[in-house]
Amino acid sequence: MSVGGAAALGGGAGEADVVGRDDDLLALRSFVDRSGRSGGALLLFGEPGVGKTVLLGAAAGFATGTRVLMASGTQFEAAYSFSTLHQALHPLIEDLAGLSPAHRRTLGVALGVRHGSPPGLLMIANATLALLDRVAATGPVLLMLDDLHWLDRASAIVLAIVARRLPARVGLLAAYRTGEDSFFDRSGLPEHEVRPLDDRAATTLVTQRFPALAPRVRRRLLAEAQGNPLALLELPLALTDRQQSGMGSLPEVLPLNRRLQAAFESRVRGLPEPTRRLLLLAALDSTGRLDTLTAGDGGLAALALAERAGLVHVDEHAGTVAFHHPLTRSAVVDLSTVDARVRAHADIAASLAHRPELHAWHMARATIGTDEGVARLLEDAAHTTRSRGDAAGAVTALLRAADLSPVGADRSRRLAEAAYLGAVVTGDLRDVPRLLADALEGAGERDRPLVSAVAAAHHLLLSGEGDVDTAHRLLVGAIEMQPTPYDGGNATLVEAFYTLGWVCYFGGRAELWTPFRAAFAQLTAPVPELLALLAGTFADPARTAPAVLGRIDQAIAGLTDHADPVWSVRVGLAAMFVDRLTFCRTALSGILGDDRGAAVTLSLHARSLIGLDQMMTGEWDEMRTLAEEHVALCRTHDYRLLECIGLYLLAMPAAARGEHDTVKRLTDRMTMWATPRRAGLVSRIAAQAMLTDALGRGDFEEAYRHATVITPAGELADHVPHALWVIMDVVEAAARTGRLAEAAAHVSAARACGVAEISARLAMTVEGAAALVATDEEAPARFAAALAVAGGERWPFDRARIALAYGERLRRGKATTEARRQLTAALDTFQRLDARPWAARAAAELRATGQTVGHLAPAGPGALTPQQREIAELAAAGLSNKQIGERLFLSPRTVGSHLYQTFPKLGITSRAALRDALADTGVTDPPTPSG
């Protein structure tokens with residue numbers, strides 16, 4: 001059974017009532033049938049009045065046996081977060097109970113039916129998809145969206161993601177006006193243009209509806225309307241009887257849109273004042289509820305006149321009123337006075353006291369000048385909007401609240417908070433300096449808002465300025481202005497601590513952490529758990545992480561209970577130096593989403609964390625693709641500091657693969673930016689890439705020089721977390737340059753800190769480093785212990801390096817058979833990773849044992865990563881890059897990059913050879929292409 005009515009979209013027009021649209025109707029019927037089986041989206045576009053809404057109504061009529069969900073963007077409601085999504089999903093509220101707890105919580109928070117941590121927009125999109133998929137289990141679902149160009153930002157971003165990932169039996173049909181900007185990303189989605197009627201159809205339509213028109217007048221109208229159906233139907237209504245009969249002169253020529261607006265205005269002007277007042281209430285109200293209007297003069301009787309005039313449709317059963325066309329709504333508002341609009345907003349606000357967010361917005365629009373009470377209401381609404389996952393909407397509300405605030409501390413605080421959200425959550429840094437300047441204008445030093453310092457620090461750090469020291473000074477000063485002991489329950493103060501820790505980390509100097517430690521010691525209970533964990537792992541993990549490992553594991557296990565992307569990123573940061581990022585990947589992947597959305601900063605953090613894990617676990621091809629996208633995104637937003645993280649992710653595999661010139665180019669960019677800004681972290685990670693490159697080339701003196709940039713040999717540098725990542729590198733560089741005492745001291749320092757207890761990787765590398773400096777008698781046991789560490793295979797490059805060193809030592813000890821076994825294992829891994837200099841070293845050692853080693857051959861199907869294998873199988877089945885991308889939610893460019901990396905591994909040069917090359921994988925029946 002079709003739910004909803006075509007009248008709500010198309011004025012009740014059935015297929016037989018639609019003139020001249022045979023091709024459009026055929027395309028729509030085909031889409032409705034197809035989407036009811038396999039899902040999919042289709043966007044209708046065309047000029048105003050061309051008939052898009054009527055065609056949507058006709059499509060709803062085709063959807064027999066389909067559950068139709070309808071929603072529409074509204075010009076006057078775009079500030080209300082998730083208003084369109086709420087319209088669309090409200091009929092499914094009861095179905096939320098059948099979702100997983102995480103999806104139920106996410107949608108409940110977004111739709112305002114429950115409280116909770118703010119979910120990310122991608123999480124909301126995923127929960128929406130889960131809901132639609134569940135409903136589709138009982139029959140096809142068709143989501144219809146009109147006036148796509150007027151969707152609120154949050155709904156538009158979510159629904160654009162949904163449109164690209166629709167499950168089977170769920171269709172999305174939407175319409176938008178040509179030339180209108182929109183938050184809805186239409187790129188890559190199928191579209192169908194609704195063109196003006198041809199001359200024959202236009203003449204038929206006018207003749208059927210207005211048979212009494214004089215031929216001369218009909219010809220003039222047909223020429224003016226240019227096939228636009230709305231113009232053909234509305235322009236005659238704006239003519240007097242004398243003009244229709246040809247006895248009166250016709251108006252001068254005006255642009256079509258203005259003529260249409262004038263036609264609607266003429267119909268509205270002819271209505272009595274009580275009816276026009278009710279129409280104004282309906283035009284400005286976002287709920288469409290009749291009970292909002294009944295308080296007006298004349299009640300529903302006054303509204304009946306507008307209904308008979310064909311301007312609105314009243315559904316008494318649903319208790320709603322809807323305009324037949326957006327131009328009617330615009331005409332009603334344009335003809336009203338400022339005083340009338342203010343009174344209407346005040347009346348609507350009074351009727352929506354039970355909806356605080358809408359109540360606040362209507363009160364704001366009913367207020368002229370400043371009003372602290374209304375500003376407070378709108379500030380509360382901003383916090384509600386933020387809690388539902390729409391940080392950009394919260395910024396809009398805070399800026400309006402600031403406009404309503406009298407000059408003073410409250411106004412400054414609201415502007416500062418808007419700047420903070422822009423810098424910290426949405427990643428939109430463009431307006432931050434101006435907002436901070438406005439917030440601080442007239443404020444005394446002790447009145448400087450704490451959120452201003454947080455926002456300014458983020459801006460200084462993320463932007464091209466990258467001013468670590470100024471950001472640090474600003475935050476420390478702002479925190480020290482607060483009364484002590486510091487309140488652990490003050491969310492703004494806690495955010496300042498998070499930000500200060502971040503600044504200290506990127507600064508990479510122990511002295512930066514001193515004021516952090518001093519202030520942290522004065523935080524009252526309860527100290528937020530994540531802040532405590534980050535303090536324990538982010539600053540100096542070699543010494544402090546072992547004590548908090550159990551709590552980190554608990555936080556990771558609880559990721560499924562949190563929809564907040566900020567929480568997920570911070571758990572990932574806490575997991576980074578204790579080698580637990582793999583267990584955070586699902587939560588972090590859920591943040592990536594659409595990078596043109598409102599949380600680009602969080603998306604970049606998630607990308608860098610996933611990339612770091614891929615670097616450690618040998619997924620270098622996937623990491624390269626991710627890093628290239630990361631760098632491009634950073635350049636778009638001028639995030640120079642975060643761009644350096646992406647350059648590091650590109651430099652590390654390049655170093656392991658012997659691409660010396662690439663490593664030099666990338667690390668030069670990093671160090672040239674970081675050195676004058678004293679961004680010690682960037683200098684160290686650039687040194688790590690150069691260290692890896694030098695080790696691969698066998699230039700151990702240069703390797704030692706780069707290693708000591710990160711940490712002195714013989715100690716794990718204080719408050720240098722990256723020292724944990726180069727333990728074996730430092731020892732190898734020192735040992736091979738004759739600095740045996742320093743190499744042994746470094747092993748002792750790692751053991752003294754207990755870093756082997758932190759993770760299997762560190763246990764493996766510490767044992768491997770100890771083996772490098774052990775005597776010939778002790779070395780075999782050390783190497784064997786390193787390679788026997790449970791789970792060590794998760795870090796293939798580190799493990800293969802240990803096997804190589806073990807094989808070298810065995811060969812020198814004349815244990816040829818065992819040497820060959822270790823060297824062969826190392827060579828296999830290096831070939832699979834395409835770590836060419838290391839493979840060459842292993843091959844040379846194997847030859848020295850007397851074993852013949854040919855040219856390094858393609859690694860074969862077993863060398864493919866899981867994602868490369870899946871892409872290769874789909875390509876072998878005949879799918880194009882675009883089709884594969886749609887199936888796996890990847891861009892065609894990313895698919896192409898994976899195939900480019902796959903062909904050499906399989907020893908082929910074209911797609912045509914994929915099927916035979918994959919035969920060794922046991923895949924004999926590739927997936928059947930869809931559609």
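What's counted below: heavy atoms across the whole structure, side chains too, no hydrogens, waters or symmetry copies. Note that the structure is predicted; figures quoted are calculated from it, not measured.
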Shortest non-hydrogen contact from [X] toward [Y]:
X: S182; Y: L148; value: OG-O, 3.5 Å
X: F62; Y: L25; value: CE1-O, 3.6 Å
X: G171; Y: S35; value: CA-CB, 3.7 Å
X: S83; Y: S155; value: N-OG, 3.7 Å

Charged N to carboxylate O below 4.0 Å: is that the case for [X] and [Y]?
X: R195; Y: D24; result: no
X: R277; Y: E273; result: no
X: E379; Y: R414; result: yes

Pairwise side-chain contact, [X] with [Y], heavy-atom cut-off 4.5 Å (strictly under):
X: H345; Y: V342; value: no
X: F184; Y: V158; value: no
X: D133; Y: L129; value: no
X: L232; Y: L197; value: yes
X: M70; Y: P91; value: no
X: E193; Y: T178; value: no

Can you say whether the rings of Y176 and F45 are parallel (under 30°), tilted (30 to 60°) or perpendicular (over 60°)?
parallel
Judged by modelled atom types alone, do [X] and [Y] share a side-chain donor-acceptor pair under 3.5 Å?
X: T320; Y: D315; result: no
X: D339; Y: T337; result: no
X: T385; Y: E357; result: yes
X: S30; Y: D33; result: no

When rounded to the nearest 0.5 angstrom, what is the spacing between [atom1] in [X] and [atom2] in [Y]?
X: I157; Y: F183; atom1: CD1; atom2: CZ; value: 7.5 Å
X: R343; Y: L281; atom1: CZ; atom2: CG; value: 10.0 Å
X: L28; Y: L44; atom1: CG; atom2: CG; value: 5.5 Å
X: D285; Y: L278; atom1: CG; atom2: CG; value: 12.0 Å
X: T128; Y: L107; atom1: OG1; atom2: CG; value: 4.5 Å
X: D95; Y: R67; atom1: CG; atom2: CZ; value: 5.5 Å

Set of ring-ring contact (aromatic ring centres under 6.0 Å, His included) partners for H103, sequence neighbours left out
none
